[in-house]
Amino acid sequence: MALTEYRYSDVIHRCFRCGYCKFPTSFIEVNNCPAYARYRLESYSTGGRLWLIRAWLNDELDWSEHLGEIVYSCAACKNCAEQCPLPFSDDIVDMIVAAKGAMVERGSVPSAVKEFLENVDRQGNPYGTARSKRGEWMEGTGIQEYDGQEFLYYVGCVGSYDTRAQQVARALGRVLQKGGVSFGVLGDRENCDGNDVGKLGEEGLFEALAEENIRQFKDLGVSKIVTLSPHAFNAIKNDYPRLDGTFEVRHYSQLLRDLVRAGKLDVSSGFKAKVTYHDPCFLGRWNAEYEAPRDVLRAVPGVELVEMERHRADALCCGGGGGNFYTDFLGGSEDSPSRIRVRDACATGASIVATACPNCLTMLEDAVKAEGLDDRLKVMDISEIVGEACQARGS
Amino acid sequence: MDSICQSLAEIVGEGHVSNRPEELYIYSRDLGTAEPHLPRYVVAPRTTEEVQQVVKLANREKIPVVPLGGGLTLAGLVMPLRGGIVLDMKRMDSILEVNERARYALVEAGVSQGKLVAYLNTHHPTLVHSEPGAPGQATVAGNVAIHGQGDLAQPYGFNSDMVNGLEVVLPTGEVCRIGSCSLAQQWFTQHPLPDLGLFLGWCGTTGVITKVSLRLFPRKRIRDMGMFVLEDGDLVPDILYRISHTEMAGDLIAWSQELPVTVSGLHNISIFISGDSEEELELKRKLIRVGILGEYIHSGVGGLVGLSANVRPRLPRRPPVSTIQDIKKGGGFEYVGAIMPVDTYPECCRRGAEISARHNIAYTLLGRVIGRSHAMMFSWSYVFNRADEDSVREAREALYESDDLALELGGIPWKPGVYGQQAVMERMDPNTLSLMKKVKKLLDPNGIMNPGNWEVS
Amino acid sequence: MDIVVAVKQVPDTSEVVDVVEIDGSGKDIERGTLVSRINEWDKYALEEALQWKQKLGGTVTAVTVGPGEWDDTLRRALAMGADRAIRVDEDATVIDCSAAARTLAALIGRLPHDLVMFGAQSEDFGSAQLGPMVAEMLGIPHAALVVRLQVEEGEAHVERELEGGARDLYTLRLPALLTIQTGINRPRYVSFSSVRKAREKELSVMSLDELGLPPQALTPAVELARLELAPAGKGAVLISGAAEEAAARLATILREAGVI
């Protein structure tokens with residue numbers, strides 16, 4: 001793609017390289033951009049990435065595996081969009097995604113990205129595991145297949161296939177059952193929501209996935225959806241409507257808050273712990289939902305909620321976005337954002353870091369192990385904490 | 001990886017060295033109008049020992065070394081004019097000590113202004129440093145290395161006058177401590193030791209600063225800003241002189257801009273005051289606004305506008321720079337700053353507006369008082385469109401003219417690029433130049449430190 | 001330079017090995033639940049062909065002998081940059097290597113071909129015979145398991161992969177046939193929209209008849225008797241202890257198993 005064909009060609013040169021994109025609002029640390037945190041070279045900051053993208057499109061730089069990695073190391077966390085003082089700041093992540101799109105069209109993407117996309121195309125999930133196994137997580141739970149219930153409980157790829165995340169998928173299912181919610185799941189008929197495929201620049205595949213899902217939801221008469229993952233929440237809420245798929249979609253934390261407030265979920269058994277909450281990017285900065293998960297935690301007797309230094313719009317991304325929970329461009333170092341984040345969590349004195357996203361859950365758990373903090377910090381999903389508090393137990 | 005790259009990787013770790021096209025591209029470019037210059041290697045050290053080893057290797061192999069902080073001097077001072085190693089210091093970003101009683105902060109060279117402000121805000125709310133108002137990623141060490149100034153310039157002077165001590169790696173690889181720290185004492189003073197100020201203002205040409213002990217100042221609970229507006233620029237030096245006499249003000253800035261339209265043709269004086277109580281503030285307000293500005297207001301030549309009470313919390317605010325620079329929708333911004341006598345303000349503005357007009361750029365002029373009107377940092381700023389070569393050229397030419405103008409009006413370009421450096425050195429006393437050359441030769445016999453800058457021929 | 005690349009479509013069993021089952025006939029696997037896709041080796045062959053087309057100019061034609069579903073793989077080849085694709089319509093489950101070879105040789109024989117490329121083997125049956133058979137039938141030289149290729153002035157210089165990292169170097173005069181080993185290059189990603197756009201490119205389907213081959217041409221030389229799953233292993237032995245002890249124990253186990 002030549003620079004003139006690039007969607008943001010009138011804007012890409014306007015980055016001043018001021019560096020605000022590296023910081024949170026408080027400026028307390030310079031590593032609030034997950035890729036810059038990991039590598040601490042200017043090429044990996046948002047500004048550097050934008051300048052490199054322009055240079056590549058302008059034929060000043062050839063494509064290389066390294067360039068591909070730099071561009072794809074962006075976790076789409078939106079800290080830069082939040083902090084950039086310039087008028088086009090809202091478009092920054094889209095600018096990077098558009099560049100990824102140019103690489104996809106050219107066929108030049110890093111191998112791990114290729115695998116991710118090819119796996120989704122073939123088997124409907126980035127791991128490449130058989131479609132037929134997508135519903136295995138629900139065995140023994142009594143959770144029903146969707147057949148006209150009030151809510152479609154959309155689980156997503158990570159919740160369906162990752163063994164730790166499957167525990168959370170089950171935990172949420174049990175909590176919904178306890179709350180008397182009428183819901184069903186798609187099991188092995190469920191397909192990837194496409195959010196991360198879109199953020200990897202494969203717009204064509206994203207549209208195909210979304211259109212298929214929209215058709216499936218409509219055929220089944222789905223109108224209300226509750227998602228396990230903020231990634232699916234983001235795609236269905238913000239990207240499906242332009243493909244003629246408008247549904248009433250909520251992230252599960254929002255539904256749980258409503259249930260607790262309406263007295264439909266009895267959390268009085270409580271859960272005694274000092275807990276700090278990690279804002280997921282696709283719920284927080286992407287969709288401005290910072291309160292529902294906190295409301296849920298605060299409603300549980302015994303939970304002492306403490307905040308990390310960088311929280312809400314300043315939260316440090318776990319590094320799992322933009323497909324990185326699979327492609328892993330940000331792993332392998334004590335400077336990995338997930339490891340920095342669990343150190344942040346430990347510094348609050350909390351014994352539990354609560355997540356509301358299966359990607360964050362798996363990233364932070366691996367980081368706890370890598371940091372050797374297993375005996376000091378546990379990672380739990382909000383649904384698991386609520387599960388304890390309302391005695392909806394199982395495994 | 002060539003063998004030098006391999007050796008560098010052994011010093012700092014493979015992930016912190018690069019000679020790949022992407023890093024070389026990014027580190028070859030300055031944010032201003034200067035032409036790019038490619039380094040051979042980019043290295044990001046974490047410790048003074050690593051810096052030492054890199055410098056020793058560079059000396060052995062006769063490869064230039066260019067230290068880089070936030071890269072915001074905009075004058076091309078951190079570009080490798082002769083290739084070599086760009087040393088990205090920003091991984092060395094620990095705040096080592098804040099000594100409340102002696103009021104200083106000891107920081108590693110890569111600590112950003114933003115991080116220091118945030119840290120003091122949280123942990124030492126009665127202390128501040130003189131914050132330059134550049135975007136937060138500018139480094140404390142970079143700022144003192146170029147004789148920078150901050151928002152405490154009027155009461156307390158240049159930031160390089162606020163240095164209690166330095167740790168530096170000499171071009172020949174030795175680690176030196178300048179100041180009381182050389183006696184393994186607290187880093188609380190440079191005097192009364194013989195002056196070894198061979199690194200401040202030398203823009204990285206005499207060694208690599210690895211630690212700075214920076215003075216901190218009292219932070220009062222409340223901070224007010226008042227803006228005095230007038231049409232006649234000739235009155236400004238007098239007003240500044242008289243306000244600085246009161247010793248009641250903090251930051252004192254006179255500025256004039258063509259955009260936005262509401263301020264065009266006017267001169268503004270921003271006056272910051274702070275106090276721990278309303279009484280303190282009232283006294284200061286009275287002395288300045290009534291005592292000094294009152295007569296100008298009554299004679300109708302100006303008025304007070306835009307009073308902001310309690311401009312807190314004190315975080316690095318987004319400087320006007322970051323938004324002004326996008327007016328040409330081009331992402332480019334560079335300025336000539338010069339240390340000028342305060343009395344030259346009106347002429348600086350008049351001639352500055354002329355230069356801007358000739359180059360089709362809206363004039364953006366500013367003078368920050370340093371000391372009790374001892375001097376001011378006057379800046380002529382030019383925005384440009386990075387994607388338009390003509391726009392870049394216009395800005396570059398305007399900048400050269402501004403360098404010349406500063407010298408013509410009796411001032412000295414501050415942190416100049418090569419053009420301005422040459423202009424300064426041409427006018428310098430030959431014995432002084434010769435001394436500069438001796439110092440440079442003594443410290444850097446192989447000429448590896450940021451060569452091409454401040455080179456006495 | 002005109003290059004012909006033979007491709008096939010195989011069931012995707014890479015991540016799903018544990019769901020493979022033998023079907024009722026005992027001679028095939030249960031294909032119902034399996035997704036099928038381009039044979040892994042053929043990706044590398046196509047990529048190599050396309051890179052040489054980019055360097056030297058010319059055409060790339062993708063060919064296959066198989067059923068309608070295999071048009072997916074041909075479309076993918078077109079999306080990658082092949083100029084046209086041809087499928088000889090046959091039920092791939094009933095033909096053996098020799099039958100496929102005869103068909104492909106007849107087809108390729110009619111097309112301009114300076115270079116013919118096959119994947120070194122297929123993921124399903126893995127016989128690695130097809131390429132060499134076709135080369136013999138076409139009467140052109142061939143090299144199998146090519147890991148490096150240099151084409152200049154009517155010659156192909158190849159490196160073949162042997163055991164232990166050893167390499168064979170050959171020069172073949174064109175036209176020649178090569179079977180391509182994985183790792184020779186990095187196959188490009190094929191975007192969804194490029195596959196859609198490739199629908200505009202030429203994909204023709206032929207019958208055996210149109211190739212001038214009688215039905216007997218498909219008579220298999222080899223008949224598949226039965227297909228079985230390998231029996232699951234009988235468990236693991238965990239070796240603990242200090243490095244020297246563990247190594248000694250391991251050496252004993254391997255020796256007893258006849259591995260070393």
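Values below: all heavy atoms of this structure, side chains included; hydrogens, waters and symmetry mates excluded. Letters A, B, ... are given to chains in the order of the sequence lines, protein chains preceding strands, and every chain is numbered from 1.
- Here the CZ-OG distance, from A:Arg122 to C:Ser36, works out to 10.5 Å after rounding to the nearest 0.5 Å.
- Proximity to chain C is absent for every atom of A:Glu115, based on heavy atoms less than 4.5 angstrom apart.
- Note that CD of A:Glu105 is 9.0 Å distant from OH of C:Tyr189, once rounded to the nearest 0.5 Å.
- The nearest pair of heavy atoms linking A:Gly204 to C:Arg196 is CA-NH2, 4.4 Å.
- Looking at every heavy atom in both residues, C:Val190 comes nearest to A:Glu202 through O-OE2, 4.3 Å.
- A salt bridge does not link C:Arg37 with A:Glu118: every distance from a Lys NZ or Arg NE/NH1/NH2 to an Asp or Glu carboxylate oxygen is 4.0 Å or more.
- With contacts defined as side-chain heavy-atom distances shorter than 4.5 Å, the pair A:Ser111/C:Arg186 qualifies.
- Heavy-atom contacts from other residues, nucleotides or ligands closer than 6.0 Å to CZ of A:Arg242 number more than 12.
- Taking the side chain as every heavy atom from C-beta outward, C:Ser193 and A:Glu207 never approach each other to under 4.5 Å.
- For A:Asp374, the CG atom counts as densely surrounded, since its 6.0 Å shell holds more than 12 non-hydrogen atoms of other residues, nucleotides or ligands.
- Within a 6.0 Å sphere centred on CG of A:Asp244, heavy atoms belonging to other residues, nucleotides or ligands number 12 at most.
- In this structure, A:Asp219 places its CG atom where more than 12 heavy-atom neighbours from other residues, nucleotides or ligands lie under 6.0 Å away.
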